[in-house]
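Here is the structure we will look at.
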Amino acid sequence: MKMPNLEHPAYPAATLLHLESLVPCRESQVSMLLSIFGERQQFSFPSIFIYGHTSSGKTYVMQTLLNTLKLPHVFVNCVEYFTSRLLLEEILIQLQSCCSEAEQTSHVPCDSFNDFVRLFKQAVGSQELQDQTLYIVLDRAEQLREMEANILPAFLRLQELTDRNVTVVLLSEIVWELFRPNTGCFEPFTLYFPDYSIGHLQKILSQSHPPEYSADFYAAYINILLGVFYMVCRDLKELQHLAVLNFSKYCEPVVNGEANERDTRKLWKNIEPHLKKAMQTVYLREISSSQWERLQRDDGEPGQLKGLSAHTHVELPYYSKFLLIAAYLASYNPVRTDKRFFLKHHGKIRKTNFMKKHEKTSNHLLGPKPFPLDRLLAILYSIVDNRVAPTANIFSQITSLVTLQLLSVVGHNDQLDGPRYKCTVSLDFIRAIARYEHGSASVKTERAQTANEYR
Amino acid sequence: MKTSAMSKRKSKESGGANGECISQTFRNKVSELNLQRNCKLETFSCLKVQKLLRERFCHHYATGKLFGMDHQYRHLLELLKRTIVHGESNSALIIGPRGSGKTALLKHVLKEVKEMKQVRENFLEVHLNGLLQTNDKTALKEITRQLHLENVVGDKVFGSFAENLAFLLEALRKGDRTSSCPVLFILDEFDLFVHHKNQTLLYNLFDISQSAQTPVTVIGLTCRQDILELLEKRVKSRFSHRQIYLLNSFDFKQYIRIFKEKLSLPAKYPDEAFAQKWNNNIQHLSEDKTVQDTLQKLFHYSKDLRSLHLLLMLALSNVTVHHPLITASDLHEASKQYRMDSRANIVHEFQKFVQRKAHCMYNFEKPVVMKAFEHLLQLELVKPIERPSVRTQREYLLMKLLLDNNQIMDALQVYPNCPTDIKQWAASSLSWL
């Protein structure tokens, strides 16, 4: 019989072996937890804080550990039970099923932590537990900070307040220093779950290979996938999602008979553009996985992908487009350059000392600047070919742009100088709009855009 | 409590060999049993040691010893004796930083007081905690419950807090004794009671302790040194201004002695040989240079005994049958675990944001970098200066970074598979600061 790496006198070796198979690449963390937990009836730390990145296995390892070793525990997610009342009542409900044989769990009203302590002491005194340590695991514990101020410190001290053998385990992505209350609290034992390394990820992902194909084939596929996505994403859940979605495309040559399982170069040539496409869309969750699968079957063009961020299908009236372009120019070009770009006869701009000092910060990094309405109209008149009359039509189009949140109003409604606006769209959007213009208008917009990139 | 050794023994006994000669079997069995017994004894001792020490570190404040608090101990004991034996009212505050032993001190004193012969059996204790009783109404209900006066109060409706409290204390006076029995109010996390509305509870308790009706002692425990400034003027004037400070005022030599005492097994321990071995090991450890260095580092970081307990718990959890004595390396490992810089672990994510500037092969699209940046926000490594509103776009929100350069440099050193141009970029831009 293979001896497990995890050893503990309190638990039989067979269980530990089974546990080890369920939590690959996390042996050191599990053995540390086991040594801290100790025997079933022994006291442990009153509170333990486990932190690590998303998908580093904190929830999974805790649940597997407690379930496999059959330790009495209560598992609650603090985002699901987001107020203190919901949280405390849920813990009491789960305690009922843990501590007594009764099938029915009745709702126990619990308003405050004071009641909770009293009801908890009553519930834990039963024979079922036999003085074993009870574990209360609170997932996404950063939500505890949003509840009343006494909840977090009280949970950390629960062992002292109730005088029972209980340990509270907090799981979170955020470090402990951001949790600590101002006047201090009972410090828990902190344990870090490091990220999976690329070798670990390879091992874990290769475990879930579909039965039709060999393990080596799947392992090669995972290797390619990790090679493309590892730089961007080390998140196990995301990678699993991507692996499942793209596998059918990878197998296509084999299914069609064009290549056999070992033709790595052909398979790579087939899958590589596909994975690059996947990076833009599925990783960003712009399109759902079912849309992606449909697209793969129909073999659609990447340009047709209608993501959430593609604004190109927004249709604007003629003058609105020009208004938007003018607004963009007004937001990002400083006022003194207007004379140069938009007038026929202009002089040179001499750089003053002030400009030389402040040349480094590009307007693109600082964001759009507010501009008055008059300036917007002035720029508009200069970029539109034919004469534009300042009718109510134009002004109502400005208002509708504000409603569409393509422009935003800055300042108070009853400002005496007139309204000031800011352009809230990006250069890519403006370029997309300007592409559809024809004639000299487009020439002017192109010129203005190069002027924009003046710095 | 079944040990694996015990279960092994049972299984071996049941599968006895039939074909062997009886005397041989008998001799085998005896030697086996001896071996098993020794093994079992060792396992047993090991587990018992764990149990005992775990209780000492994680639980049971009243059974441990107190260190460096003799003066305060005598003061508090005197105070309680005067209330309980002589019927004087009093109030006191025990002030000390977190983990300095306030609750432990109080529990010890209470234990000793209860064992004193002069104490009449009927003094009452009411324990209130600022974390649990978050307003005065709850506090009053809790007082009623702890004094077992729910039946007496019944459904009466009182006008004010003071009336209610007076009624409760009057109810204690019933019986043929002419004087009422003393009540001890112990308020844990006293600084939280100060934030209740009008500080009614504190006002009434201190008021009663000044008026001569029932002998009442109010003892508050708090970690805030400036607690007196938080009290309202009328509350402060009724307080006796008796303060007991616990300031962890021991030096390093005493700290090492405390370390030894905390780990030693008591003289009454059943397995004498093992206890002797264990205590000798502890003595050696306390003289070992690496252990002293480890303790020195912890001592400089925080003097309180609670962090010492955490360190010792960690070292203790490594004790098993195969490793029955604590070694210096255990303590070293435990101290490394305890003092790991948490921020450096999490800063790895910073690397993804940084890649935008690196001139490496992969040019990532802007949305991909935004997603990574949002992850940084979620980890609270960068924080917006003001709350995000509709007016400002997400991309142009001003942020501030909550880390300093050393942490970033440390994290980059430790990060696996870090591209070299990122390391160089970080080194060049962070080094001039």
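Proteins come first, then strands; the chains are lettered A, B, ... in the order of their sequence lines, and each starts at number 1.
- Contact annotation for A:Phe116: neither backbone nor side-chain heavy atoms come within less than 4.5 Å of a heavy atom of chain B.
- B:His196 meets the ring-ring contact (aromatic ring centres under 6.0 Å, His included) test with B:Phe193; sequence neighbours excluded.
- Less than 6.0 angstrom separates the ring centroid of A:Tyr51 from the ring centroid of A:Tyr192.
- Between the side chain of A:Glu160 and the main chain of A:Arg157, no donor-acceptor pair closer than 3.5 Å is present.
- Contact of A:Arg118 with chain B is made through the side chain alone, with heavy-atom distances under 4.5 Å.
- With chain A as partner, the option from B:Lys141, B:Glu142, B:His127, B:His309 having the largest number of non-hydrogen pairs under 4.5 angstrom is B:Glu142.
- Not a single donor-acceptor pair under 3.5 Å links the side chain of A:Lys422 to the backbone N or O of A:Val410.
- Contacts of A:Ile151 with chain B are absent, with no heavy-atom separation under 4.5 Å from either backbone or side chain.
- Qualifying side chain to side chain donor-acceptor pair (under 3.5 Å) partners for A:Glu187, counting only residues two or more places apart in sequence or in other chains: A:Trp176, A:Arg180.
- A:Ser44 touches chain B through backbone and side chain together, each having a heavy atom under 4.5 Å away.
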